[in-house]
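Quick caveat: nothing in here was measured; it's all calculated off a predicted structure. Just so it is clear: chains get the letters A, B, ... in the order the sequence lines come, proteins before strands, and each one is counted from 1.
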Amino acid sequence: MNSLWIACPIAFSLACGASFPAPTQHMADAESAHRSAIELGAANQPAAQLHVKLAEEQMSKAKTLMADGDNKDADSLLIRSKADSELALALAREQAATVSVQRAAEKSNATDVTNAAQGAVK
Amino acid sequence: MKTIAAFGLLAVFTGCATVAPPADLLTARDTYDRASHGLAAQLDPADLHAAKDTLDSAEKSFADNGDTQGTRDLAYTADRRTQIAESKARAMQSDQQRAAVVADMNASQTATVRTTSAALGRANQQLATQGAQLQNETQRRMDADKRAAQAAADLAAIASVKQEPRGMVITLSGSVLFASAKSDVLPDAQTKLANVATALSQQDPTSKILVEGYTDSQGGQSFNQDLSQRRAESVRSYLISHGLSADRVTAQGFGMGSPIADNASAEGRANNRRVEIVVTPASN
């Protein structure tokens, strides 16, 4: 009877752990999103930097959990990691667009100054 | 027993109804509320709609299952997707602003180029006109100088010509031009005087011509003054009749004044009987 009390929780626990497969697809998705963010320079932009770091921490923790067999919690972290990397990517693109506007305005001003200096007639 | 069961069920329902939403869900709701009233709703409704779907899933998960990890993950994802929609909307706005700046710059540049080209064209045209005028003026002066040189050479061949501060002085002998005590130009002298008129007509047309008459000291002063005046007038008339403008030519007699030789000798008196034609440039 005592053996039954011990065996049942173990079997239940094993059954639960075995029922959640390793989140390899979500790991691949998270890594891919992270790569895209890094390639666009998100790690070097203040607004995006925080989310890159979060994504990296979540991926790292997920790997540890997977190694320990806790696939469910790992999957949860990978979903979050991917969301943060995608947000970092969007913020990096936004920053690039902002810089592009500033450069266009500077170029426009410089063109006006150059034209005036060269005696162009407005 | 029934009472206990009823309280148990009540406790379960009350417990469920008062379960607070997870922080992730609260954050996701706030983020979405902000975004739905902001730029994302205008510029990136598709991404905002996707974020709303995820938020709805989180709400359903919370309603069905309570504060589970699945609910929190969905809420977290909804929050990030909403922020992505906001970020994309801001990027689109920047793109629009950049396009407007570039369009303005291009339009301004095009207008400036057009205006400057037109101004340059006018300047070039003006420059060409001025160049042509300069060339014409140069040619005109060269021609005038050439004519003047030729006229001076022609005059030198038929009369005494010298340059004085008052201008070019052509001296013609009175003995050659006139009979004694007369003021009519002798027929033999008319050819010579005609050549002088031709040479003078080649000079600067704006120059002034003064015909001066002189006599020797023989005879009375009044007679000589009158004679020198009539001779000067006679030469003036001849020059005018041969093409010189009357406005340019004046005549004045000086009698026996301003002798250029000694009246004591016959040769000196002959030299003093003369007509001088003084050509003065208009600027003098």
Side-chain angles (χ1 to χ4, degrees), chain A residues 20 23 26 29-30 33 37 40 42 45 47-48 50-51 54-55 58 62 65 70 72-116 118-122, chain B residues 22 24 28 31 39-40 43-44 47 50-51 54 57-58 68-123:
Chain A
F20 204 97
H26 283 171
D29 292 345
L40 212 72
Q45 294 177 4
L50 169 68
H51 295 285
L54 276 173
Q58 288 158 344
L65 288 172
D70 189 353
K72 193 171 189 316
D73 285 346
D75 187 53
S76 171
L77 286 171
L78 291 172
I79 289 169
R80 291 174 178 239
S81 175
K82 179 178 178 241
D84 274 306
S85 286
E86 287 174 345
L87 177 55
L89 181 70
L91 291 171
R93 283 181 173 152
E94 178 191 343
Q95 177 64 18
T98 303
V99 170
S100 183
V101 174
Q102 289 168 350
R103 286 185 180 157
E106 287 166 6
K107 187 178 177 185
S108 177
N109 290 338
T111 302
D112 286 345
V113 170
T114 304
N115 284 344
Q118 292 179 348
V121 181
K122 278 289 233 179
Chain B
D24 286 332
T31 306
L39 206 59
L43 298 181
D44 193 17
D47 280 310
T54 309
S57 297
T68 62
Q69 186 60 45
T71 298
R72 290 194 294 272
D73 290 345
L74 281 168
Y76 189 90
T77 306
D79 175 72
R80 296 309 192 247
R81 286 184 176 172
T82 307
Q83 288 192 54
I84 288 170
E86 289 182 308
S87 178
K88 283 186 175 179
R90 288 191 296 268
M92 286 177 191
Q93 188 181 42
S94 292
D95 287 343
Q96 290 173 354
Q97 289 171 346
R98 181 184 171 280
V101 168
V102 170
D104 281 352
M105 182 173 64
N106 288 342
S108 173
Q109 190 75 347
T110 301
T112 302
V113 167
R114 190 181 298 121
T115 311
T116 305
S117 293
L120 197 60
R122 287 194 298 274

Minimum heavy-atom distance between B/Ile84 and A/Ala90, given as atom pair plus value: CG2-CB, 4.0 Å
Residue selection (most heavy-atom pairs with chain B, distance under 4.5 Å) from A/Thr98, A/Asp73, A/Asp84: A/Asp84
Separation between CZ of A/Arg80 and CZ of B/Arg80, rounded to the nearest 0.5 Å: 8.5 Å
Winner by heavy-atom pair count (cut-off under 4.5 Å) against chain B, out of A/Ser100, A/Ala47, A/Ser76, A/Ala96: A/Ser76
Donor-acceptor contact below 3.5 Å, side chain B/Ser87 vs main chain A/Glu94: no
Residue part contacting chain A, namely of B/Asp24, when any heavy atom lies under 4.5 Å: side chain
Region of A/Leu54 that comes under 4.5 Å of a non-hydrogen atom in chain B: side chain
Between A/Arg93, A/Glu86, A/Lys72, the one whose heavy-atom pairs under 4.5 Å with chain B are most numerous: A/Glu86
Which atom of A/Ala104 lies closest to which atom of B/Val102, heavy atoms considered: CB-CG2, 4.3 Å
Part of B/Arg114 lying under 4.5 Å from any heavy atom of chain A: neither
Shortest non-hydrogen contact from B/Asp95 toward A/Ala97: OD1-CB, 3.7 Å
Top contributor to chain B contacts, counting heavy-atom pairs under 4.5 Å, from A/Ala105, A/Ala88, A/Ser108: A/Ser108
Interatomic distance, A/Leu87 atom CG to B/Thr77 atom OG1 [nearest 0.5 angstrom]: 11.5 Å
Most contacts with chain A, counted as non-hydrogen pairs under 4.5 angstrom, among B/Lys88, B/Arg98, B/Glu86: B/Arg98
Rounded distance [0.5 Å steps], CD1 in A/Ile79 versus OH in B/Tyr76: 12.0 Å
Considering all heavy atoms, the nearest B/Gln83-A/His51 contact: OE1-NE2, 4.4 Å
Nearest-0.5 Å distance that lies between atom CG in A/Leu78 and atom CG in B/Asp73: 10.0 Å
